[in-house]
Amino acid sequence: MKDDFIISTRNLEKHFNAGEVQALNGVTVDIRRSEVLVVIGPSGSGKSTFLRCLNLLERPTGGSVIFEGTDITAPHTNINLCRRRMGMVFQHFNLFPHMTVLRNLTLGPTELLKKSQKDANAKAMELLERVGLADRADAYPSQLSGGQKQRIAIVRALCMEPDVMLFDEPTSALDPEMVGEVLDVMKKLAQQGMTMVVVTHEIGFAREVGSRVLFMDNGVIVEEGTPEQIFEHPRSERLQGFLSKVL
Amino acid sequence: MAEAFAKLKESFIFNFIEGARWKYITNGLWVTLKVTFFALLIGIVIGVVVAMIRSSYDKMKDEMRPGLGKTLMTILNTICRVYLTVIRGTPVVVQLLIGYFVIFVSTTNTVFVASMVFGINSGAYITEIIRGGIMSIDNGQFEAGRSLGFNYFQTMRFIIIPQAFKNVLPSLANEFIALLKETAVSGYIGLMDLTKGGDVIRGRTFSAFMPLIAVALIYLALVMFFTWLIGKLERRLRSSER
């Protein structure tokens, strides 16, 4: 039943500066299909590093990541093929400023999945429609608000038809009034059964949408459980301390 | 006043019209443009390749596993660094003479030799310009490309280079203009470029003022024209972000 888990990590470690800084200290997690895994923790806890290790944007210094049955940390795995099936959304959107929205969305599908421009456009427009931005298809990223940019960034990842979506603090760089529109898109995505790993400070989102919550500190998982267990009945002192500050 | 003007006209006719000496200027201009064009082409190709090797080495050296790939990159990177040091550390006239009398001895095609030497020379400066441009692009752009599944070179091609190119266009234009003026030393290897053409007329007519001022004015006009053209191109490129 290995297919139950879409991503598994085993003893993931990441050291920076030749071992001086230990960002991850042995993280072992199994992520199920259609699960929304929310990772919370104080800044510097290693939660972003953990997420970036899942698609090897950060190469772990120890341990392994198994994605759909393949050990992607093994030397000869083609990581580029795996990344096509793992969408990623960044804190700072990272849209390509020299392309229109539509081209941002279709670059991957046409160049990597070898779709025709017409098919890619149709798919992109359909997804844009769903996030309510179909009328901005010909705009450039600099003409969009932060919330719009992030929704486009989500669509860009979705256009590759990934099996899992990784979110790296997707609302942290947004003005408060724009957080809602992005979270709404993510909520809808979760309802459609997308597997999601979300690093966030949005406790409300974690509580409402998350199927499982990880609390990380100092590069290790301190506590994990359902949102109810984590937020209503925190066991460890560190989690209690963290929640008392953010709630 | 009228007298001075008549004198000038007489000098003009004597220097350029008689014996169809204007042909030294026009042929020379054509040669200068040809050499500049080919040199720029060679320079940009070298510049992009070397800049990519240098910046990808800097980016990947920490995370690459030891092996053939890493050894190869280290060797390439070393070659590039030596190239940059040598070319930027010696005068272009010396490089031109070495190119003509030492390296390309078997050819008398001075346009070819000059294009190669100026291309290789300018490649070193263009490398640094493009490398600066690549480094000026936010790392998030690179990560976004890689996260979609693009490999290193596709990310460079579709995402980084187009943006870097736009950023470096002004510096690239400066390099082009510097190159155009630098080719004036081509006479050292007997190439009949614009400067040499003017100088030949001076030798024939024993009057320096008219041919040399004409040459200077033509360079000036060329530079002003290209500056204007590049400014236009820049505005076009920038408007795509509004």
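In this text the structure is predicted, and so the values were computed from the model without any measurement. So you know, we letter chains A, B, ... as the sequences are listed, proteins then strands, and number each from 1.
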- Message: Apply side-chain contact (heavy atoms from CB on, under 4.5 Å) to residues B:I159 and A:L107 and explain how you reach the verdict.
- Response: CA-CA 10 Å; B:I159 295 154; A:L107 183 71; 4.2 Å; yes
- Show your working on side-chain contact (heavy atoms from CB on, under 4.5 Å) between A:M88 and B:L148 and close with a plain yes or no. CA-CA 8 Å; A:M88 185 151 187; B:L148 285 171; over 6 Å; no
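- In this structure, the portions of A:R156 lying under 4.5 Å from any heavy atom of chain B include both its backbone and its side chain.
- Counting all heavy atoms, side chain and backbone alike, A:R83 lies closest to B:R146 at CD-O, 3.0 Å.
- No more than 12 heavy atoms of other residues, nucleotides or ligands sit less than 6.0 Å from atom CZ of B:R81.
- Interface residue A:M160: only side-chain heavy atoms are found under 4.5 Å from chain B.
- When heavy atoms are compared at a cutoff of 4.5 Å, A:F96 approaches chain B by way of both its backbone and its side chain.
- Contact between A:L112 and B:Q154 at its shortest, heavy atoms only, is CD2-OE1, 3.7 Å.
- Here A:L57 contributes atom CG and B:F142 contributes atom CZ; the two are 9.5 Å apart, rounded to the nearest 0.5 Å.
- Annotation for A:P97 and B:Q141: closest pair CD-OE1, 3.4 Å, computed over non-hydrogen atoms.
- At a 4.5 Å heavy-atom cutoff, A:L166 makes no contact with chain B through either its backbone or its side chain.
- Within a 6.0 Å radius of CZ in A:R85, more than 12 heavy atoms belonging to other residues, nucleotides or ligands are found.
- Note: A:L56 CG to B:S147 OG = 12.5 Å, rounded to the nearest 0.5 Å.
- Atom NE2 of A:H92 is separated from atom CG of B:N139 by 12.0 Å, given to the nearest 0.5 angstrom.
- Summarising the local packing, NZ of B:K196 is surrounded by 12 or fewer heavy atoms from other residues, nucleotides or ligands at distances under 6.0 Å.
- Dense packing is recorded around CZ of A:F16, with more than 12 heavy atoms of other residues, nucleotides or ligands lying under 6.0 Å away.
- Closest approach of A:G108 and B:F150 over heavy atoms only: CA-CZ, 3.8 Å.
- By the neighbour-count criterion of 12 heavy atoms within 6.0 Å, atom OH of B:Y219 is densely surrounded, having more than that number from other residues, nucleotides or ligands.
- Summarising the local packing, OH of B:Y152 is surrounded by more than 12 heavy atoms from other residues, nucleotides or ligands at distances under 6.0 Å.
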